[in-house]
Amino acid sequence: MLASRNVRAAAGPRVAAAPGQRVILSARAGRRALTAAKAQKKEIMMWEALREAIDEEMERDPTVCVMGEDVGHYGGSYKCTYGLYKKYGDMRVLDTPICENGFMGMGVGAAMTGLRPIVEGMNMGFLLLAFNQISNNCGMLHYTSGGQFKVPMVIRGPGGVGRQLGAEHSQRLESYFQSIPGVQLVACSTVRNSKALLKAAIRSDNPIIFFEHVLLYNVKGEAGDADEVACLERAEVVREGTDVSIFTYSRMRYVVMQAVNDLVKKGYNPEVIDLISLKPFDMETIAKSVKKTRKAIIVEECMKTGGIGASLSAVINESLFNELDHEVIRLSSQDVPTAYAYELEAATIVQSSQVVEAVERVCGGRVPVAV
Amino acid sequence: MLMVVRSCAAGDTVLLKEVPARMQTMLKQRSGLRAAQPGRRVVKVRAVAAPLKTSTSAPSSSKALVTPEVAKDLYYDMVLGREFEEMCAQMYYRGKMFGFVHLYSGQEAVSSGVIRLLRPDDHVVSTYRDHVHALSKGVSAREVMAELFGKKTGCCRGQGGSMHMFSSKHNVLGGYAFIGEGIPVGLGAAFQSKYRRDVLGDESADSVTCSFFGDGTCNVGQFYESLNMAALYKLPHIFVVENNLWAIGMSHLRATSRTSGDEHPYIYKKGPAFGMPGVLVDGMDVLKVRQVAQEAVERARRGEGPTLIEAETYRFRGHSLADPDELRSKDEKAKYLARDPIPQLKKYMLEHGLATEADIKALEDKVAEVVEDCVKFADESPKPERGQLLENVFADPRGFGIAEDGRYRYQQAGFSSGTAVVSPPIGFLWH
């Protein structure tokens with residue numbers, strides 16, 4: 001079974017988020033489309049794309065504002081709000097003191113009374129200090145108020161394992177937040193989807209927790225224009241395939257695609273799905289993929305215990321049990337605080353060789369492609 | 001220790017009442033302090049209340065502090081608060097309401113004193129002791145009682161309960177179970193008011209927000225984070241501390257440290273530490289509370305920033321209806337019962353000719369009617385249906401995600417009958 005070398009654009013009959021909103025293409029668009037696009041667009045880095053998203057939405061809607069540590073004069077620790085305070089003023093790009101629970105709550109109150117704040121956690125890990133506000137107020141207030149108040153906030157920031165940043169700066173909070181009722185969890189991964197998803201998140205009336213990754217801010221790519229707003233509940237088909245469904249998100253997408261290079265040479269044809277929406281799961285895309293390949297591997301940066309993969313694995317087992325030929329494999333980080341030393345850090349998270357190994361295990365042997 | 005702000009301006013010195021022996025013993029027992037020395041002590045008070053022209057002990061011929069309309073409104077509001085809460089106690093013990101119910105009886109002067117001078121577009125934030133704040137702000141007794149009974153006609157459709165009173169119509173932003181978590185929300189509402197003026201250019205935007213909370217909350221980190229931000233950004237936010245001396249069974253004296261040199265832990269002093277005025281007021285006297293609140297609200301509307309008001313008050317009942325209330329001394333309770341704000345105001349109104357006995361009786365009768373009616377309404381109201389379960393989880397129901405068939409889950413038949421399962425129900429046979 002040879003791997004197909006032709007990758008088609010994964011555009012298809014997608015349900016648009018709302019009438020008039022465009023569908024985003026997958027990262028591996030057809031060559032023709034890519035060349036044409038490149039002729040018009042320049043490549044930018046993810047931080048610039050995020051900045052564009054924030055800038056465009058702030059211009060479009062005067063109730064959109066940003067709050068966080070060093071978002072204003074400093075421009076954001078990852079430059080996502082660089083220079084915006086000059087354009088919009090100190091109140092719309094508010095430099096807060098170091099009091100996450102306090103300013104998160106202030107964001108909730110502002111959202112309840114008509115503004116649309118984007119609250120930045122300088123590192124997602126710091127939002128542990130804001131857990132009270134995120135769980136009780138952000139997630140639950142719409143419900144406990146009987147629907148009287150909505151909380152149209154975006155909580156965003158960099159998370160994930162970086163380069164030897166130590167345990168506390170290397171956390172993956174998506175697993176802690178996923179049980180909070182009333183919030184949506186979105187993880188961006190490419191320049192294109194980061195901008196389109198952040199725009200959608202800002203426009204959404206729900207509270208969205210928007211996960212960026214410390215190591216992806218300098219990833220280059222093309223961003224969409226001001227009208228390109230993604231669907232927050234849709235997964236992205238990164239690569240169509242037939243052998244196995246690999247579900248991943250955020251930086252692990254790149255780890256998986258690196259493994260895919262090797263796997264393709266070895267004769268495998270994996271399908272790669274970027275979850276994008278960590279909560280709720282896009283069951284249509286997930287089910288379609290599992291029904292096709294009959295094997296599922298989850299590759300995540302969360303800890304094994306209680307991670308996004310744990311939830312997804314359970315869901316796949318419950319709703320797609322008879323579609324599976326193999327148990328769901330979870331490749332997750334070790335249940336270990338991320339060590340500082342390079343080797344230990346590397347051993348904590350999933351490496352591409354592990355992905356290759358997992359696919360080989362699940363799919364059995366293949367005839368390698370002739371070099 | 002227990003001060004009554006009679007007439008003072010910022011920087012005045014005020015004489016304290018002699019500290020009774022019983023109080024000294026309590027101080028010694030509860031906080032390990034050496035007994036306070038008997039005799040008079042002099043303390044500097046930083047208050048912003050304008051000097052009163054008259055004191056409450058003046059003869060009735062002197063000018064009243066409020067008009068008859070305002071006095072009657074305050075009286076009605078306090079009596080409504082009291083009767084409502086007492087009815088809650090009855091209903092709770094009759095099995096009509098459940099869970100944690102925290103009654104406000106005794107503290108009415110603070111709610112009426114502050115909230116009755118707010119505008120409809122001003123915001124109020126509270127803690128779990130929020131029934132009366134909601135009532136003072138204008139939420140109907142019917143809606144509050146129905147909420148307490150868990151009926152779908154409640155202000156939060158029965159989904160909030162005693163500790164989560166919300167009203168978008170009357171700008172009551174909750175009702176919070178974790179003390180301290182409401183204060184930043186109040187700040188957010190104040191931020192929105194300032195934003196509307198400074199960013200959106202609405203020059204008429206001068207609404208204020210009042211956050212109510214207790215002495216126990218003043219040790220929560222979010223309180224300090226909020227004091228800092230409110231002062232920093234000059235938000236039109238008023239911190240109203242209802243210091244009733246007890247946080248469940250924890251006496252304020254045992255829980256809170258004292259500023260160096262002080263014999264008593266004062267909360268209002270934390271205001272100037274953050275750059276805003278701190279005022280201590282007799283929270284059993286509705287007119288004094290109103291005066292202090294008036295000044296704070298006007299400051300905030302002028303754009304001069306926040307104020308911290310510490311109202312010395314007392315709850316006549318336990319922390320909640322489940323609290324045996326064994327730690328508070330009978331003497332302490334008796335002392336505060338003697339300062340009950342409602343008879344105080346009644347006396348004042350009669351002395352100053354603001355109302356006759358007949359007027360007052362009419363107000364009380366009206367309250368009785370309203371309270372009886374709201375119980376009847378709540379009793380007869382329907383309970384929430386199963387279908388209500390998922391309706392308010394998300395403002396945008398697309399948040400429930402996309403189901404296997406490609407439709408959004410909320411679009412599927414039977415979704416609003418309350419099923420939240422992702423996997424098929426047990427027993428369902430796949431093809």
Side-chain angles (χ1 to χ4, degrees), chain A residues 15 17 62-63 65 89 91-92 94 96-97 99 101-115 117 132-133 136-137 141-152 181-184 204-206 232-234 277 279-288 315 318-319 321-322, chain B residues 123 125 154-161 164 166-168 173-178 181-196 198-200 209 221-222 225-226 228-229 232-233 391-396 398-409 422-424 430:
Chain A
V15 176
T63 62
C65 55
M91 205 166 187
R92 284 192 82 185
L94 189 77
T96 62
C99 51
N101 214 12
F103 68 72
M104 187 64 66
M106 191 165 83
V108 171
M112 286 166 79
T113 49
L115 302 184
N132 173 195
Q133 291 291 344
N136 287 7
N137 292 345
L141 272 187
H142 185 72
Y143 193 83
T144 45
S145 69
Q148 292 184 83
F149 293 99
K150 59 182 188 188
V151 188
V183 295
Q184 286 182 245
S204 171
D205 276 350
N206 294 336
L232 293 168
E233 297 85 27
R234 271 278 170 228
S277 178
K279 174 175 158 154
F281 292 131
D282 175 1
M283 287 313 295
E284 190 196 9
T285 308
I286 292 168
K288 190 162 158 226
V315 162
E318 284 162 354
S319 30
F321 184 77
N322 288 313
Chain B
H123 291 95
V125 174
C155 53
C156 300
R157 309 180 80 196
Q159 289 165 195
H164 304 286
F166 287 82
S167 168
S168 54
L173 297 177
Y176 293 90
F178 288 21
E181 73 180 354
I183 308 173
V185 176
L187 247 66
F191 178 84
Q192 172 266 149
S193 170
K194 192 167 178 189
Y195 189 99
R196 265 193 302 128
D198 295 351
V199 174
L200 302 179
T209 305
Q222 287 183 81
E225 293 179 13
S226 301
N228 183 44
M229 284 199 289
L232 204 60
Y233 303 134
E391 281 170 11
N392 302 125
V393 176
F394 290 106
D396 179 350
R398 283 177 296 179
F400 285 108
I402 299 168
E404 276 186 42
D405 68 1
R407 287 184 295 169
Y408 276 98
R409 193 163 274 118
V422 172
S423 45
W430 283 106

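Every heavy atom of this structure was used, including side-chain atoms; hydrogens, water molecules and symmetry mates were not. A note on names: the letters A, B, ... follow the listed sequences, proteins ahead of strands, and every chain is numbered from 1.
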Open item on the list: Please tell me whether Y408(B) and F400(B) form a close aromatic pair, meaning their ring centres lie under 6.0 Å apart.
Closed with: no
TODO: In plain terms, say whether E284(A) and R234(A) are close enough for a salt bridge, that is, a side-chain N and a carboxylate O under 4.0 Å apart.
DONE: yes
- [ ] Counting only heavy atoms closer than 4.5 Å, note whether E181(B) contacts chain A via side chain, backbone, both or neither.
- [x] both
Open item on the list: With chain A as the partner, which of H164(B), H123(B), M229(B), R196(B) has the greatest number of non-hydrogen pairs under 4.5 Å?
Closed with: M229(B)
- [ ] Pick one of side chain, backbone, both or neither for L173(B), based on which atoms fall under 4.5 Å of a heavy atom in chain A.
- [x] both
TODO: Select one option (side chain, backbone, both, neither) describing which atoms of A189(B) are under 4.5 Å from chain A's heavy atoms.
DONE: both
Task: Rounded distance [0.5 Å steps], OG1 in T63(A) versus CG in L200(B) - done: 7.5 Å
Task: Which portion of F321(A) sits near chain B, non-hydrogen atoms under 4.5 angstrom - done: neither
Open item on the list: Would you compute the distance between atom CE of M112(A) and atom OG of S168(B) and round it to the nearest 0.5 angstrom?
Closed with: 9.5 Å
- [ ] Write down the atom of A403(B), the atom of M283(A), and the distance for their closest heavy-atom approach.
- [x] C-CB, 3.9 Å
Open item on the list: Looking at chain B, which one of G107(A), P62(A), G114(A), A111(A) has the largest number of heavy-atom pairs inside 4.5 Å, strictly under?
Closed with: P62(A)
Task: Point-to-point distance, once rounded to the nearest 0.5 Å, from CD of E404(B) to CZ of R409(B) - done: 8.5 Å
TODO: Give, as side chain, backbone, both or neither, the part of N137(A) having an atom under 4.5 angstrom from any heavy atom of chain B.
DONE: side chain
Task: Residue part contacting chain B, namely of S277(A), when any heavy atom lies under 4.5 Å - done: neither
- [ ] State the CE-CD distance between M104(A) and Q222(B), to the nearest 0.5 angstrom.
- [x] 11.0 Å
Task: Structural part of L94(A) lying under 4.5 Å from a heavy atom of chain B - done: side chain
Task: Reported CD-to-OG1 distance for the pair E233(A) and T285(A), which is rounded to 0.5 angstrom - done: 11.5 Å
TODO: Using the test salt bridge (Lys or Arg N to Asp or Glu O under 4.0 Å), find all partners of R157(B) that sit at least two apart in sequence or belong to another chain.
DONE: E391(B)
TODO: Output all residues satisfying salt bridge (Lys or Arg N to Asp or Glu O under 4.0 Å) with D205(A), sequence neighbours left out; order by chain, then residue number.
DONE: R116(A), K150(A)
Open item on the list: Can you tell me how the ring of F191(B) sits relative to the ring of Y195(B), calling it parallel under 30°, perpendicular over 60° and tilted otherwise?
Closed with: tilted
- [ ] Carefully, step by step, assess Y233(B) and T96(A) under the rule side-chain contact (heavy atoms from CB on, under 4.5 Å).
- [x] CA-CA 10 Å; Y233(B) 303 134; T96(A) 62; 3.9 Å; yes
Open item on the list: Counting heavy-atom pairs under 4.5 Å with chain B, which one of A287(A), G89(A), G109(A) comes out on top?
Closed with: G109(A)
TODO: Name the region of I183(B), side chain, backbone, both or neither, that has any atom closer than 4.5 Å to a heavy atom of chain A.
DONE: neither
Task: Closest-packed option against chain B by number of heavy-atom pairs under 4.5 Å, given G147(A), P117(A), C99(A) - done: C99(A)
- [ ] Just give me the residue among P181(A), S204(A), P152(A), G146(A) that pairs up with chain B most often, heavy atom to heavy atom, under 4.5 Å.
- [x] G146(A)
Task: Segment of N228(B) engaging chain A (4.5 angstrom heavy-atom cut-off) - done: side chain
Task: OG-CE distance between S226(B) and M106(A), expressed to the nearest 0.5 angstrom - done: 9.0 Å
TODO: Determine the option with the most heavy-atom pairs under 4.5 angstrom with chain B, choosing from I286(A), V108(A), N101(A).
DONE: N101(A)
Task: Options G174(B), G182(B), A190(B), S167(B), ranked by heavy-atom pairs under 4.5 Å with chain A, top entry - done: S167(B)
Open item on the list: Counting only non-hydrogen atoms closer than 4.5 Å, does V151(A) touch chain B with its backbone (N, CA, C, O), its side chain (CB onward), both, or neither?
Closed with: neither
- [ ] Output the option from G399(B), G154(B), G186(B) having the highest count of non-hydrogen pairs under 4.5 Å with chain A.
- [x] G399(B)
TODO: Check each atom of V199(B) against the heavy atoms of chain A and say whether the ones under 4.5 Å are side chain, backbone, both or neither.
DONE: side chain
Task: Side chain, backbone, both or neither of M91(A) within contact of chain B (heavy atoms, under 4.5 Å) - done: both
Open item on the list: Looking at chain B, which one of D282(A), V183(A), N132(A) has the largest number of heavy-atom pairs inside 4.5 Å, strictly under?
Closed with: N132(A)
